**Q** 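Structure provided below as structure tokens; questions to follow.
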Amino acid sequence: MPELTSDPATRGRYAPSPTGYLTVGNARTALLAWLDVRSRGGRFVLRLDDTDTARESVSAADICADLDALGLDWDEGWDVGGAHGPYETSKRSDRHRAVADDLIAGGAAYWDYTPAIADVSAHKAGRREAKAGRNVHRGTPDAVDGVDPVLRLRVPDAGRIEVVDRVYGKISVDVADVSEVALMRSDGRPTYHLASCVDDADMGVTSVVRGADWLNSLPQHVLVFRALGADVPAFAHVPLLVGKDGQKLSKRQGDLSIRHLIVDEGVPAGALCAYLANLGFEERSDLPTLTEMASTFDIGHLGKASPRYDPKKLEALSRRWLAERESSERLAAELRVRAPVELSDEQVAVLVDGVRTRIPTFAAAGDLAGFLGLDDSPGRDVTVLADDVVAPVLGTRPWDADALAAAIDAAVPAGPDRKARLGAFRDALAPGLRVTPPLHVMLAALGPDRAAARLAPT
Ligand code: GLU
């Protein structure tokens with residue numbers, strides 16, 4: 001693997017809002033932001049974007065747990081601290097208000113007294129440039145009695161704003177098309193537009209990777225950075241994931257939270273990362289870990305089209321991941337937690353080797369251990385499976401999966417009866433179960449005594 005470059009001057013951040021558990025879309029953005037920083041040996045900062053308290057539904061710890069479950073780490077953040085804290089936007093409002101005063105004093109922002117937009121005609125009158133079809137808001141700077149003003153960014157009267165996005169390339173907009181976005185609400189709380197730029201500038205952020213839903217706000221953010229006298233970070237906007245129907249991902253596609261996928265469905269985090277981080281890039285045939293991905297990562301190669309999130313592709317990749325890349329330790333730990341009965345060390349070892357090539361998730365591994373929870377009652381149909389077929393299998397020594405596989409092959413040779421006989425074996429060992437591990441794996445995990453009890457004639 002090539003050496004990673006080390007450039008501690010690169011500072012990238014991820015700024016999640018605590019409005020819900022991380023979704024596949026959020027997680028992908030976080031992964032790309034992390035890879036962008038780690039590929040350059042920079043520092044990764046985690047900042048809580050809690051500017052919209054009304055929509056908060058999860059705790060900051062929940063978000064850390066989700067990012068941690070993905071295998072991400074960070075050098076600075078609200079939980080680990082750092083030299084640029086606090087790392088919760090809500091704790092920085094004094095700073096935001098002080099900056100707002102500076103912006104007003106410098107002419108970069110003004111109080112807008114446009115009455116609340118219940119009255120559309122008043123809203124329209126507030127536009128300085130009434131260009132047909134353009135939704136460009138310009139405020140009313142003259143005080144109006146009874147109106148609590150919002151603070152707006154002042155957009156210059158003429159000229160263009162130019163900025164290069166690392167994914168979308170050169171962006172050049174006429175200021176006439178740029179809305180004067182709100183920087184502070186009428187109750188004095190800063191908006192994302194103000195807080196995010198101030199925090200990025202204060203935290204020395206050089207690299208921002210965020211969802212393309214913010215691309216339209218980029219010109220305004222460039223103006224805010226300039227007004228702050230700060231360098232504009234290098235921006236990379238990532239096209240948002242869409243569902244199979246090409247529409248925005250929504251609850252219709254099921255529970256799209258990382259927590260659901262990892263905890264409930266048991267998708268290995270490594271597989272999820274390999275899938276999500278590759279969406280929008282040229283498809284890879286290998287199954288890289290995050291560190292392997294970081295060695296060649298270049299966000300400039302990300303396509304501009306919205307990639308499709310396809311649970312079937314994720315499942316196929318997860319299957320391969322479990323067969324080829326998942327560590328035995330992790331699979332063993334998951335099996336212990338997810339199996340319906342307590343497993344001995346020997347049983348875990350047998351199952352790890354015996355199931356890893358036939359499961360799409362850890363949950364499926366737990367399900368495959370279900371046969372161990374059944375009663376050891378006699379279950380052999382002697383009309384299909386005679387004593388002389390079963391006895392040599394039960395006499396196998398050493399009692400291990402390889403020897404048992406060979407014994408079964410010898411006792412049930414190829415021929416017209418083979419399928420029925422193997423089926424009868426299975427019915428005796430795991431009556432009523434639709435999915436089971438292969439016979440030799442079940443036998444090895446049961447041990448000779450329990451296997452003999454189940455293979456006794458009914
Ligand atoms: N909380 C915002 C989001 O999740 C942050 C965007 C950003 O990274 O600046 O979309």
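Everything quoted here is computed from the prediction, not taken from an experiment. This chain uses plain numbering: 1 for the first residue, then up along the sequence. We count ligands from 1, going down the list as the structure has it; atoms in each ligand are counted the same way.
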**Q** Considering only the protein, which heavy-atom contact is closest to atom 1 (N) of ligand 1, and what is its distance?
**A** D49 OD2, 2.5 Å
**Q** Are the side chains of L153 and V178 in touch, meaning some heavy atoms are under 4.5 Å apart?
**A** no
**Q** Please confirm whether the backbone N or O of L48 pairs with a side-chain atom of T89, one donor and one acceptor, at under 3.5 Å?
**A** yes
**Q** Compare all side-chain heavy atoms of R47 with those of Y14 and state whether any distance is below 4.5 angstrom.
**A** no
**Q** Suppose we measure from atom 9 (O) of ligand 1 to each protein heavy atom; which comes out shortest, and what is that distance?
**A** Y192 OH, 2.3 Å
**Q** How would you list all residue pairs meeting ring pair (Phe, Tyr, Trp, His ring centres under 6.0 Å) that involve residues 181-201, not counting sequence neighbours?
**A** Y192-W214, Y192-H221, H193-H221
**Q** Would A15 count as a contact residue for ligand 1, given that I'm defining contact as a non-hydrogen atom of the residue lying under 4.0 Å from a ligand atom?
**A** yes
**Q** Measuring from the heavy atoms of Y14, does anything fall under 4.0 Å of ligand 1?
**A** no
**Q** Within ligand 1, which atoms have a heavy atom of S17 less than 4.0 Å away?
**A** 1 (N), 2 (C)
**Q** Pull out every atom of ligand 1 sitting under 4.0 Å from any heavy atom of W214, numbered as shown with elements.
**A** 2 (C), 3 (C), 6 (C), 10 (O)
**Q** Check the pair L276, L32 against side chain to side chain contact (heavy atoms under 4.5 Å, CB included), reporting the backbone distance first and the verdict last.
**A** CA-CA 9 Å; L276 291 176; L32 299 183; over 6 Å; no
**Q** Hey, does D213 come in under 3.5 Å of ligand 1, counting only N/O atoms on both sides?
**A** no
**Q** Answer yes or no: is there a side-chain heavy-atom contact under 4.5 Å between T191 and V150?
**A** no
**Q** One thing to verify: whether D75 and R38 come together as a salt bridge, which I'm taking to mean a side-chain N less than 4.0 angstrom from a carboxylate O.
**A** yes
**Q** Considering non-hydrogen atoms of the protein only, which is the closest contact for atom 8 (O) of ligand 1, and what is the distance?
**A** R13 NH1, 2.6 Å
**Q** Identify, by atom number and element, the atoms of ligand 1 in contact range of R210, meaning under 4.0 Å from any of its heavy atoms.
**A** 7 (C), 8 (O), 9 (O)
